[in-house]
Amino acid sequence: MPVFPPTVIIGLHGVLRRAPWFDRVVEDFTEAEAAEENAGEHTAEDTSPEEDSLEEEVLSLALDRAGAYGWQTVSRWLTENGRVTARHEPTAWAHEEVGGDWTPDGRVRQLAWLQAGALTDPPRLGLPVRPIALVLAETLARVGTMTFTGLHALLPLPAARRNTAFHQTELAPWFALADPDARHEVVLTVSCHPGKDAVTGDDAAAVREAVREMADGAVEVLPPGARSATSVTSPVGPPGLDLDLGRGVHTEGMHEAFRFGCTTREWSPDLAVWLVEMVADGLRAAGRVAPVVVTASLALPPA
């Protein structure tokens, strides 16, 4: 019986304004693909009765981009004269699915998401949050201009060992090298399935303090009474996200355990990843090992 690796999902949210030339390039690509099919130059993979959406087709380029960085994400075989001469297995993450929503209505959408298996043999130091977010953001940048509003991450915390050779504090000087007068208010949330070992509101203070210590002044963690730390009993989900945990196979039944606010000197997918990873490290330090969804998003829409 096959053993499936723990699932990681990374999603980028915001508003995408596609480049003026994008539709023309897609049309040329579609015509070329149709010509190949008519000429019988298609493979078994192309005969699937369910066609990929435009978003899936374009975002699949993120896998090629990952390969350019040396991150192997799919199994590949090299054959010569009908004989397999080399086999390459995933080294960064095991790709499963990718998709997004580019509805051009000016509303915040989940522009890109990627689902992957976390490699656990041997256990890695940390989860591939940053490399996945990077290749998704770079792929969206090829399509047009993204107004980034938030990131969410499904994190199977037990799937990775805490990297004690690298601490998130080492990135604090990097993110402190920004306009000291800039101020972006960000909301961080943690959601989990109920039950034994679940994250609860009682963990909020310890995680908030862990983030404050790791950020080393590059992030100001706001007190519990701040506007961005509104009651989790509110029916309104985190701002800046197009996220419904009840719609996901892996997140159905999850509930928000706590949220807190912070202010930063910059706002980018890179900064959002840092915040999410600090929260994850704080949860590990608190002894939490259940899968969680951690989000980082703007408290207010960008001007």
Side-chain angles (χ1 to χ4, degrees), residues 10-16 62 65-66 68-71 92 111-112 124-142 144-153 155 160 162-190 206-223 226-229 238-241 259-285 294-303:
I10 309 299
L12 302 184
H13 302 247
V15 179
L16 180 68
R65 186 62 175 166
Y69 285 111
W71 299 324
L111 300 176
R124 271 41 174 191
L125 298 175
L127 295 166
V129 181
R130 189 174 300 281
I132 291 176
L134 174 64
V135 296
L136 289 179
E138 289 188 340
T139 305
L140 289 171
R142 302 299 299 176
T145 302
M146 172 179 63
T147 300
F148 174 66
T149 59
L151 178 147
H152 85 274
L155 305 175
R162 189 176 184 187
N163 188 353
T164 55
F166 166 79
H167 197 272
Q168 300 297 340
T169 301
E170 295 183 26
L171 280 177
W174 176 271
F175 290 108
L177 191 63
D179 183 357
D181 295 325
R183 191 175 189 274
H184 303 273
E185 188 168 345
V186 180
V187 180
L188 299 169
T189 74
V190 177
V207 173
R208 191 168 57 243
E209 179 61 18
V211 171
R212 188 192 66 79
E213 290 183 359
M214 285 183 275
D216 197 25
V219 171
E220 179 189 357
V221 177
L222 301 178
R227 175 185 59 190
S228 55
L241 300 175
R259 69 171 62 184
F260 62 96
C262 65
T263 61
T264 65
R265 296 181 182 183
E266 71 168 78
W267 176 244
S268 64
D270 193 29
L271 186 280
V273 167
W274 187 45
L275 294 174
V276 166
E277 290 190 326
M278 284 194 289
V279 170
D281 270 2
L283 289 168
R284 290 192 186 98
V294 181
T295 72
S297 58
L298 288 176
L300 297 173

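Quick caveat, the model's predicted, so the values are computed rather than measured.
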Test side-chain contact (heavy atoms from CB on, under 4.5 Å) on Thr145 and Leu16; report intermediate values, then the result. CA-CA 6 Å; Thr145 302; Leu16 180 68; 6.0 Å; no
Sub-3.5 Å donor-acceptor pair from the side chain of [X] to the main-chain atoms of [Y], do we have one?
| X | Y | answer |
| --- | --- | --- |
| Trp274 | Leu171 | no |
| Trp267 | Phe148 | yes |
| Ser297 | Pro239 | yes |
| Thr149 | His13 | yes |
| Arg265 | Pro180 | no |
| Thr169 | Met214 | yes |

Should [X] and [Y] count as side-chain neighbours, where that means a heavy-atom distance under 4.5 Å?
| X | Y | value |
| --- | --- | --- |
| Leu151 | Thr295 | no |
| Leu111 | Met146 | yes |
| Leu134 | Tyr69 | yes |
| Val211 | Phe260 | yes |

Distance-minimising heavy-atom pair for [X] and [Y]:
| X | Y | value |
| --- | --- | --- |
| Ile10 | Ala153 | CD1-CB, 3.6 Å |
| Cys262 | Val221 | CB-CA, 4.1 Å |
| Gly282 | Ala210 | CA-CB, 3.9 Å |

Val294 and Leu155: CA distance, side-chain angles, deciding distance, side-chain contact (heavy atoms from CB on, under 4.5 Å) verdict: CA-CA 8 Å; Val294 181; Leu155 305 175; 4.0 Å; yes
Spacing of [atom1] belonging to [X] relative to [atom2] belonging to [Y], to within rounding of 0.5 Å:
| X | Y | atom1 | atom2 | result |
| --- | --- | --- | --- | --- |
| Arg183 | Glu220 | CZ | CD | 6.0 Å |
| Arg284 | Glu277 | CZ | CD | 8.5 Å |
| Glu213 | Met278 | CD | CE | 12.0 Å |
| Leu241 | His152 | CG | NE2 | 8.5 Å |

For Glu185 and Thr263, test the side chains for any donor-to-acceptor distance below 3.5 angstrom and give the result as yes or no.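 Glu185 vs Thr263: no donor-acceptor pair found between side chains.
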Stepwise side-chain contact (heavy atoms from CB on, under 4.5 Å) test for Val219 and Phe175: CA-CA 9 Å; Val219 171; Phe175 290 108; over 6 Å; no
One pair to check against side-chain contact (heavy atoms from CB on, under 4.5 Å): Trp174 and Leu271. What are the steps and the verdict? CA-CA 10 Å; Trp174 176 271; Leu271 186 280; over 6 Å; no
Tell me which one of Asp281, Leu283, Leu275 satisfies side chain to side chain contact (heavy atoms under 4.5 Å, CB included) with Val279.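 Among Asp281, Leu283, Leu275, the one that satisfies the side chain to side chain contact (heavy atoms under 4.5 Å, CB included) with Val279 is Leu283.
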